[in-house]
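What follows is a short report on a single structure.
Naming: A, B, ... by sequence-line order, numbering from 1 per chain.
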Amino acid sequence: MSTPYNPEAVEIAAQKYWDDARSFEVGEDADKDKYYCLTMFPYPSGKLHMGHVRVFTINDVIARYHRLQGKHVLQPMGWDAFGMPAENAAIQRGVPPAKWTYSNIEDMRGQLKRLGYAYDWTREVTTCRPEYYRWEQWLFTKMFAKGLVYRKNSIVNWDPVDQTVLANEQVIDGRGWRSDALVERREIPQWFMKITDYADEMLAELDRMPGWPDSVKTMQRNWIGRSEGVELAFDVVGEETPLTVYTTRPDTLMGVTYMAVAAEHPLASKAAKNNPDVAAFIEDCKQTDAQEATLETMEKKGMALGICATHPITGEEVPLWVANFVLMSYGTGAVMAVPGHDERDWEFAKKHDLPIKQVIAPSDGSEIDIDASVYVDKGVLVNSGDYDGLDYDAAFEGIADWIEASGRGSRKVNYRLRDWGVSRQRYWGTPIPIIYCDDCDAVPVPEEQLPVILPEDVEVTGTGSPLKDMPEFVNVACPQCGKDARRETDTFDTFVESSWYFARYACPDNDSAMLDERASYWCPVDQYTGGVEHAILHLLYSRFFQRVMRDEGLTSESEPFTNLLTQGMVLKDGAKMSKAKGNTVDPQQLIEKYGADTVRLFMMFAAPPEQSLEWSDDGVQGSFRFLKRFWTAVVEHATKGVAGDVDTGTLNDTQKELRRKTHQTIAKISDDIGRRHSFNTAVAASMELLNAINKLGDDSEAGRAVQREALNAVVIMLSPMVPHICHALWQELGHETVLIDQNWPKVDESALALDLIDLVVQVNGKLRARISIAADASNDAVEELALADTNVQRFIDGNAVRKVIVVPGKLVNVVV
RNA sequence: GCCGGGGUGGCGGAACUGGUAGACGCGCCGGAUUCAAAAUCCGGUUUCUUCGGAAGUGGGGGUUCGAUUCCCCCCCUCGGCACCA
């Protein structure tokens, strides 16, 4: 087969072999060491993009590497098939979302197969199919029974022209993307899952997850945002119900000079009734979208309500304001303001001429001017009556004790994390299995009536969900009393589907249970790979669902993903690839031009997986060139016949050197892939070894044996990245066996031994000489030889040597 | 605004636990091969330089015999911020 490298022929042949042999279909074998290797499943947007190719290749490399290590590897693939783009396509092109989605899946599956990923396609899951989503409907009804779901009002982006709810990404500069109308905040009833019930457990477990990156764990910790503080009630003059607030700084209680409530707060609404200015202000507050980033960066506005609260300790009256930065959905919808010791309160007080009172002084006794700048550090209490002189801890305890004793409140642990709102006013999603009855209120759909099937043959117009206009869907008998009732027409957030799919891959065909014993075999996922953009929401929701499933008796695992790898984006000209920017690169065209292996190789070589990857057409060309060199090297070696085994006793120095390089490289690549996930350096090391093989030019029996050993190793070690070419080259090297069934090469420690080692010599930290010395030389001998070097002596220049630092095997630093 | 990343030659990146900055590849320059080109192969390639060296990892400071690596401050940039997935 001394033909030039023809990627297409090589790749189709390898793929046909894997297909025919069903190489990647795996069952549950209790005797084998299982390894579940998973990548975040894609949304079927139409075509594969480079971001997909990158993450799937990373995962495939890990999967194939572990298979060569003797593991029983499962790598499945499926489709996160519900979501907005299908509705948008339907609006724009009149294609029903289901049809559009299924056709995209067909196209993308074909593209994935062409890339040669080692997937077990018999386990494919598609979330928009009733046999999948029925089980999350089922779990929802179980959660309902346990009180883990509830309904409450919450805020959405309302487009007053299109009369529809908008997603945050459909709000551009505060306006609806289609109507250009100013978006309003509007409250509607929605379903919530009590993720906060698991906040403490999920937070604590983060400390016992060594397989996750610290950055992701830190983000999740901050997101959960556990804080200890007190909740306390302020009496409101002329009101029966007091105003409850939460604070983590009870030590600053004596510094409260005003309070603020949300625009939606009942006290604000009440004040608005006889104050048109307040009413106008509240209306104005609603003229904004519901995103946190908008809220945090917009101008802080407020207005006095003309009502006062009573300070619980001093009895002084403090004015009540309504403010746009206080949200009804956060905490109690009201805050106590301590302008002296809170940044935002200070700025607000300055703007509205509210009094600023210093109640905390720096612990070191230094003077501060609270009118000139805010002081947010913890310190010693001043101007706080009985509490003066106490430090933060003592003041916290003292004031908290007083609050509890007075019956005004209590210590409370609070979370920044809010319960998960799962209702979406959209068509293309899993129907929420609830029936509304005038007598029985919200009733979950009984198990025997599941799944609630989403009608697929619909027309989508863009103004509201088509389900509302389908009496055959909406009208239903109440499961409890049998009277006429109405189905919920909202659907689930698509994060619900992606919160448990990883477990369903183990048993996608089970039509009588959500999970079975096969899930116990495969779960948890050993290696999970996906974009950093999912560091919080998707990963936290999945951790939550895993626990819900555990508490439902479906699994014994608490954590879904043992090891996590978050990969960076693919950029072109420094920017994320997007149709809008016109800087996309189509993987399909590249595969046609160079083959899948070249694309896979470039992806692995161009950057470490966690970092963003800058696309380069020249770089792809370079990867292609390397594969051609690789092909030629093996073919030229093979045409001279099959070389024998290495006889270590008969090698000359250059042969020994290549053999050392071979085994050094085996050690390096094993570590690079297995431990560090540093695929770019693994590829670089393979290139170095191949360069060394090509340089040897030794056709003696021993020379050819050493080359063959090296080539065998390179072919196996590059195969996770470029499996097709390696499949062919393994045969070319004369093996009767199949590459994917091989074992990873082993390091021969004896090949690594060196008689002489090179050390560098520094004088005052600057490189001045290189010396070669016996590997087992003593530090004294190393020092002596270093000092004897003429260039070293030149830089010592007659000065007294103050110190000599010898780092064994590395360097000598002479300090003068 | 808040939380988490990143910043090293002309470019992508390497340097893993504080120890030779620039591995490997791209690009470029020179050479071989060729009627010529493509492809391929060989050599060179941080900058400045008085050719001795000197400077250099976003900027400023610090710790250390020694800092891309650790600490403090700042700048730029990317991701997330609960309805994009």
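Rounded to whole Å, the C1' atom of B:A23 lies 27 Å from the corresponding atom of B:A32. The gap from the P atom of B:A14 to that of B:C24 amounts to 14 Å, rounded to the nearest Å. For the P atoms, the distance linking B:G56 with B:C48 amounts to 16 Å, nearest Å. Across B:A67 and B:G52, the matching C1' atoms stand 27 Å from one another, rounded to whole Å. Atom name P, nucleotides B:C75 and B:C26: the rounded distance is 39 Å, in whole Å. Taking atom P in both B:U50 and B:A38, one finds a spacing of 37 Å when rounded to whole Å. Separating the P atom of B:U8 from that of B:U68 is a span of 14 Å, rounded to the nearest Å. Nucleotides B:A21 and B:A55 have their C1' atoms positioned 13 Å apart, rounded to a whole Å.
For the pair A:R185 and A:W158, the cation-pi test (distance below 6.0 Å, angle within 45°) is failed. A cation-pi arrangement is not found for A:K766 relative to A:F795, the charged atom failing to lie both closer than 6.0 Å to the ring centre and inside a 45° cone about the ring normal.
Contact annotation for A:M569: backbone-only contact, meaning every heavy-atom pair under 4.0 Å involves sugar-phosphate atoms and none involves a base. Contacts of A:K668 with the nucleic acid, taken as non-hydrogen atoms under 4.0 Å apart, include base atoms.
One can place CH2 of A:W615 at 20 Å from P of B:C11, the figure rounded to the nearest angstrom. Summarising the geometry, the separation between CD on A:Q611 and P on B:C16 is reported as 14 Å, rounded to the nearest angstrom. Atom CG of A:D672 is separated from atom P of B:C16 by 12 Å (rounded to the nearest Å). In this structure, CD of A:E688 is placed 10 Å from C1' of B:A14, rounded to the nearest angstrom. Taking atom CD on A:Q567 and atom C1' on B:G79, their separation rounds to 12 Å, with Å as the unit. Atom pair A:L613:CG and B:C78:C1' shows a separation of 14 Å (rounding to whole Å applied). Spacing between atom CG of A:L627 and atom P of B:G25 amounts to 13 Å, rounded to whole angstrom units. Going from atom NZ of A:K576 over to atom C1' of B:G80 covers 11 Å, rounded to whole Å.
Two rings, from A:Y43 and A:F82, have their centers 6.0 Å or more apart. The distance between the ring centers of A:W191 and A:F492 does not fall below 6.0 angstrom.
The A:V760 side chain lies nearest to B:U20 when the options are B:U20, B:G80, B:G12. The side chain of A:K803 sits closest to B:C65 out of B:C65, B:C84, B:A85. Distances were taken from every side-chain heavy atom of A:P608 (C-beta onward) to each of B:G79, B:C24, B:A14; the shortest belongs to B:A14. For A:H534, counting side-chain heavy atoms from C-beta on, the closest listed nucleotide (B:G19, B:G12, B:A85) is B:A85. When distances are taken from the side chain of A:P85 to each of B:A85, B:C65, B:G12, the shortest belongs to B:A85. Distance from the side chain of A:D80 is smallest for B:A85 among the nucleotides B:A85, B:G43, B:G1. With B:G13, B:C24, B:A21 as the candidates, the nucleotide lying closest to the side chain of A:A607 is B:G13. Out of B:C65, B:G79, B:C84, the shortest distance to the side chain of A:N168 is found at B:C84. The side chain of A:K810 sits closest to B:G19 out of B:G19, B:G12, B:U40. Ranking B:C16, B:C24, B:A85 by closeness to the A:D671 side chain, first place goes to B:C16.
Using modelled atom types and a 3.5 Å distance limit, the side chains of A:W212 and A:D214 yield no donor-acceptor pair. When only modelled atom types and interatomic distance are considered, A:Q611 and A:Q567 share no side-chain donor-acceptor pair under 3.5 Å. Side-chain atoms of A:Y150 and A:D419 form a donor-acceptor pair, as typed in the model, at a separation below 3.5 Å. No side-chain N or O of A:S227 forms a donor-acceptor pair with one of A:N414 less than 3.5 Å apart. Donor-acceptor pairing under 3.5 Å is lacking for the side chains of A:T164 and A:Q425.
Taking the ring pair (Phe, Tyr, Trp, His ring centres under 6.0 Å) definition, one finds that A:Y541 meets it with A:W420, A:F495, sequence neighbours left out. A:K810 meets the salt bridge (charged side-chain N to carboxylate O under 4.0 Å, His left out) test with no other residue; sequence neighbours excluded.
In this pair, A:Y501 and A:F41 present their aromatic rings parallel. The plane angle is below 30°, not in the 30 to 60° band. Between A:H538 and A:H534, the ring planes lie perpendicular to each other; the angle is over 60°, past the 30° to 60° tilted range.
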- prompt: Could you write nucleotides 26-32 of chain B as a row of B, S and -, 5' to 3', where a protein heavy atom under 4.0 Å of any base atom gives B, of only sugar-phosphate atoms gives S, and otherwise -?
  reply: SS-----

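Taking the O4'-C1'-N9-C4 or O4'-C1'-N1-C2 dihedral as appropriate, B:G10 has a value more than 90° from 0 and is therefore anti. Anti is the classification of B:G79, since its glycosidic angle lies more than 90° from 0.
Between A:N680 and the phosphate of B:G12, there is no side-chain N or O to OP1/OP2 separation shorter than 4.0 Å. In terms of phosphate contacts, A:K628 brings no side-chain nitrogen or oxygen within less than 4.0 Å of OP1 or OP2 of B:A39. Between A:N691 and B:A23 there is no side-chain polar atom (N or O) within less than 4.0 angstrom of OP1 or OP2. Side-chain nitrogen and oxygen atoms of A:R676 include at least one within less than 4.0 Å of the OP1 or OP2 phosphate oxygen of B:A15.
In terms of modelled atom types and a separation under 3.5 Å, the side chain of A:W428 and the main chain of A:A81 share a donor-acceptor contact.
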query: In dot-bracket, 5' to 3', how would RNA chain B read with Watson-Crick or G-U wobble pairs under 3.5 Å, [ ] for crossing ones and | for pairs to another strand?
result: (((((((..(((......[....)))((((((.......))))))(((....)))..(((((..]....))))))))))))....

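A donor-acceptor contact under 3.5 Å is formed by the side chain of A:R675 with the base of B:C16.
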Quick one: which protein N/O atoms are closer than 3.5 Å to N/O atoms of nucleotides 2-4 of chain B? Pair and distance per line, please.
from, atom 1, to, atom 2, distance (Å)
B:C3, O3', A:N222, ND2, 2.7
B:C3, O2', A:N222, ND2, 3.0

Provide a list of protein-nucleic acid N or O atom pairs under 3.5 angstrom, restricted to nucleotides 49-55 of chain B.
from, atom 1, to, atom 2, distance (Å)
B:G52, O3', A:R794, NH2, 3.2
B:G52, O2', A:R794, NH1, 3.2
B:G53, OP1, A:R794, NH2, 2.7
B:G53, O5', A:R794, NH2, 3.4
B:A54, OP1, A:R768, NH2, 3.1
B:A54, OP2, A:R768, NH1, 3.2

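The shortest distance between side-chain heavy atoms of A:D758 and A:I771 does not fall below 4.5 Å.
Between A:K351 and A:E299, at least one side-chain N (NZ, or NE/NH1/NH2) sits under 4.0 Å from a carboxylate O, which counts as a salt bridge.
Remark: A:S623 OG to A:M687 CE distance equals 6.0 Å, nearest 0.5 Å. Going from atom CG of A:D597 over to atom CZ of A:F630 covers 9.5 Å, rounded to the nearest 0.5 Å.
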